[in-house]
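Remember, it's 1-based here, ligands and their atoms both numbered in the order they're listed.
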Amino acid sequence: MLAAPGGAPVSGPRRRPSWRRLSLWGLLGGLVLALLATLVWLAARYEASQAQSNVERDGADALSDIRSALTRNVQDLQALQAGHPSSEAWQQQADQLLRVNREWVRIEWRGPRLEILAAAETPYRPPVFARLGRANAQAEVQQACATGRRLSSHAYARSHFVPQLDGLGLELMELCVPQVSAGQLTGYLVATYSLGELLAARIGPQLGRSQEVSFTEADGTRLAMHGLARRGSRVFTALQLLDLPGSTMVLRMDSWRSQPDLFPNVLTALVTVMSIALVTVMFMLGHDTRRRLQVEEDLADALAFRKAMEDSLVTGLRARDLQGRTTYVNPAFCEMVGFSAEALLGQSEPPYWPPELREEYSRRQTVRLAAGTTPPRAGFESVFMRQDGTRFPVLIIEAPLINALGLQTGWMSAVLDISEQRRVEELSRASQERLQATARLATVGEMASLLSHELNQPLAAIASYATGSLNLLQHEPAAADDLRLALSRIAEQADRAGRVIKSVHDFVRRRVQARELVAPPALLEAIMPLVNLQARKLGVRVESRVAPGLPPVLCDRTMVEQVLLNLARNAMQAMDEASAAQPSLLLQVRATAAAEGGQRWLEFSVTDVGPGIADEVKAQLFTPFFTTKAEGMGLGLSLCRTVVEQHGGALAFESNLPRGTIFRFTLPAAPGNPT
Ligand code: ADP
């Protein structure tokens, strides 16, 4: 049996979303949000580290630029002194160098005791030492040259601040290159660097708009800087140590972002877009789930509705798969056969098959399953057995069971218990029979006067023979011969009266239900005494013609005799009423020409020369209780037609030319008999 959808409420208020489901959805949402936040944070972190490594790289590049510039500058200075130039030539070359190297503010040629021999000032600014005097920086020069002397190489001094005439100041650093000739110190070249210009000239061109580069002391004190100090909230800093002989500084590179962007880079934007897509998909999923739940509910309702419908059905339903096993039965079917669903499901030879028919049923089932043809829509009749062993007739209507893919998965049968219908049919047949018997009695009643007339003759003859016999006995010694003759006449007449009574008795009483094979002449002969009875009274000439060699008919003899008698009596009455000139009745039996499906038919006809049937009568002829006669019941023809149709034949009438009517009916001839 199909299970009801698992635990789904059949009706009642719509289900509320359970807390469990809500919390699951909440958890999912929280997880997704956390994931997204983490992704955005990671993307921002990645971006920050990218910026940091950029600034580190720029810082390292700047440091190496400065180093190489400083080295080149030292070489330029040494080249200045090469070949012991004259004072003018030196001055000229120094001026030249100062024009090219903006970071230098002054170059001096000093003697071995640091006395100034020659000096050149940068052409780009007023003399730097104009305000305080060069002597103010003597300590730094001495320090640098002392270090240079000690190292036998160039050396720098710590930077120092020199205020300027314009109120500002410059951070300067002294470079001292000792001059050695043949192992003897001959003098010094002192170059004064402006740290700010050094940054501007050597790093400035590569510096980005959002970068700032500066020299600081180890403790962070800023000495000189270059770049636009445009502050933002996010600053990335790289520190590089610039250790020169005699002096150590820190090169600091700052890079900043003016505003942290909402989508700082492609990665973050991508992650954000994907997050939005993810959230959208989540919402769509939620929507889809809601719709699914709705559909599930509808489905459960539909299933419940279907189940209620099946349970309320009085028609038995049974489904079988393609192997003939029962896959489903409804409660009505279980009730009909008296077996539980469990006892029926999965059975290919179900227990409601009567044992004596089991073999035939299973053969039938095999044939149908193999053929796979659709059984007739009208259904077929069969016999089932209840659990208590009683058999009952059923009407089975089968239809193929098609699944959602359009494939046949078995057969669905609707089974109707037709025992009640059979009982009603039986009842109506019995009442029909009673009606027939009543009609027969009525016929006899109508014939009572004829009977008395017919019986009068033999009875009168018997009476007169009896009187004669008594007279014979009274007057003279009995003449034995006369007496014997009279008694034999009495016996004859009594016999005749008996036959009359018997023919009536037979007609009324005979009730053999079963159909039998009867020769057509026998049918006519059986009614002849009764027909003649009336014919004699009405002066009708009766003729019967039976074609030779006719096969017997398979019929309910009594019924067919009654039909014949009815038609003959109707004919004679019609002729009598119309006072026909030469009333004659013709009873005829012959074989019909048509023989469809090998079935032969015999046609019985009753012909009269009466008035014929009026048109308005024709329409109602077979209507029960329709009669034109004062004492008529109007049942005759309707019963006749019922009887003939029960035998499979047809009753019809037509006009007889020039006068009268012919009633014809057909009956099936017995099969296999010679004509
Ligand atoms: P009933 O004989 O009791 O009247 P029927 O059903 O046998 O009932 O006949 C119905 C009517 O059909 C009759 O009343 C009569 O008018 C008409 N009828 C039947 N047979 C003939 C016939 N051979 N000729 C003329 N009329 C007929």
Side-chain angles (χ1 to χ4, degrees), residues 431-451 504 507-508 523-524 527-528 530-545 558-589 603-647 649-667:
S431 67
Q432 183 85 16
E433 255 171 33
R434 271 202 298 281
L435 200 61
Q436 300 271 13
T438 314
R440 273 201 303 281
L441 282 175
T443 313
V444 173
E446 280 174 42
M447 293 168 89
S449 64
L450 286 173
L451 264 177
V504 174
F507 179 69
V508 177
L523 286 172
L524 294 190
I527 58 157
M528 269 317 168
L530 296 171
V531 172
N532 285 333
L533 215 59
Q534 195 167 18
R536 263 201 298 280
K537 183 187 172 199
L538 300 178
V540 176
R541 197 167 60 82
V542 179
E543 190 187 344
S544 64
R545 285 186 213 153
T558 319
M559 291 297 187
V560 174
E561 283 171 6
Q562 190 171 354
V563 171
L564 277 170
L565 184 64
N566 244 320
L567 295 179
R569 284 187 49 242
N570 274 351
M572 287 189 286
Q573 282 171 355
M575 288 188 287
D576 184 44
E577 268 168 35
S579 312
Q582 286 179 326
S584 74
L585 178 71
L586 174 61
L587 299 172
Q588 220 176 343
V589 189
E603 185 194 75
F604 293 73
S605 62
V606 179
T607 313
D608 67 66
V609 290
I613 301 174
D615 283 347
E616 64 272 19
V617 176
K618 273 182 189 166
Q620 306 182 61
L621 208 57
F622 295 106
T623 315
F625 304 112
F626 170 77
T627 178
T628 56
K629 301 166 196 162
E631 76 285 11
M633 291 226 313
L635 279 173
L637 285 177
S638 91
L639 286 175
C640 287
R641 191 165 69 169
T642 313
V643 169
V644 171
E645 284 174 356
Q646 273 173 359
H647 284 80
L651 173 65
F653 63 91
E654 61 189 85
S655 299
N656 181 34
L657 294 175
R659 305 186 65 227
T661 316
I662 309 176
F663 275 88
R664 301 175 192 281
F665 66 90
T666 50
L667 287 179

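Look at Leu621 and you'll find a heavy atom under 4.0 Å from some atom of ligand 1. For the ligand labelled ligand 1, residue Pro611 lies outside the 4.0 Å heavy-atom shell.
With sequence neighbours left out, Arg545 forms a side-chain contact (heavy atoms from CB on, under 4.5 Å) with Glu543, Leu586, Gln588.
Checked by distance only, ligand 1 and Gln573 stay at 3.5 Å or farther apart across all their nitrogen or oxygen atoms. In terms of N/O distances under 3.5 Å, ligand 1 is approached by Leu637.
Heavy-atom contacts of Gly612 reach the following atoms of ligand 1: 25 (C) (cutoff under 4.0 Å). Listed by atom number, the atoms of ligand 1 under 4.0 Å from Phe626 heavy atoms are 10 (C). Numbered from 1 in the order shown, with element, the atoms of ligand 1 that lie under 4.0 Å from a heavy atom of Thr661 read 24 (N). The Ile613 neighbourhood of ligand 1 comprises atoms 25 (C), 26 (N), with distances under 4.0 Å to a heavy atom of that residue. Taking every non-hydrogen atom of Thr628 and a distance limit under 4.0 Å, the qualifying atoms of ligand 1 come out as 13 (C), 14 (O), 15 (C), 16 (O). Close approach of ligand 1 to Ala574 is summarised as follows: ligand atoms under 4.0 Å from at least one heavy atom of the residue are 22 (C), 24 (N), 25 (C). Close contacts between ligand 1 and Thr627 involve ligand atoms 1 (P), 4 (O), 14 (O) [criterion: under 4.0 Å to a heavy atom].
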Discussion item. Please determine whether side chain to side chain contact (heavy atoms under 4.5 Å, CB included) holds for the pair Thr642 and Gln646, giving the CA-CA distance in whole Å, both sets of side-chain angles, and the decisive distance to 0.1 Å.
Written reply: CA-CA 6 Å; Thr642 313; Gln646 273 173 359; 3.9 Å; yes
Worksheet item: Please walk me through it: do Leu567 and Phe653 pass side chain to side chain contact (heavy atoms under 4.5 Å, CB included)?
Response: CA-CA 11 Å; Leu567 295 179; Phe653 63 91; over 6 Å; no
Worksheet item: Does the side chain to side chain contact (heavy atoms under 4.5 Å, CB included) test come out yes or no for Leu587 and Met528, once each step is laid out?
Response: CA-CA 10 Å; Leu587 299 172; Met528 269 317 168; 3.4 Å; yes
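The heavy-atom pair separating Leu651 from Leu637 by the smallest distance is CD2-O, 4.2 Å. Across Ile662 and Ser605, no two heavy atoms sit closer than the pair CG2-CB, 4.0 Å.
For Asp608, every heavy-atom contact with ligand 1 shorter than 4.0 Å involves the side chain, none the backbone.
Between Phe604 and Phe665, the angle of the ring planes stays under 30°, which puts this pair in the parallel group of the 30/60° scheme.
Listed by first then second residue, pairs satisfying side-chain hydrogen bond (donor to acceptor under 3.5 Å, both in side chains) with a partner in residues 620-629 read Asn570-Lys629, Gln573-Lys629, not counting sequence neighbours.
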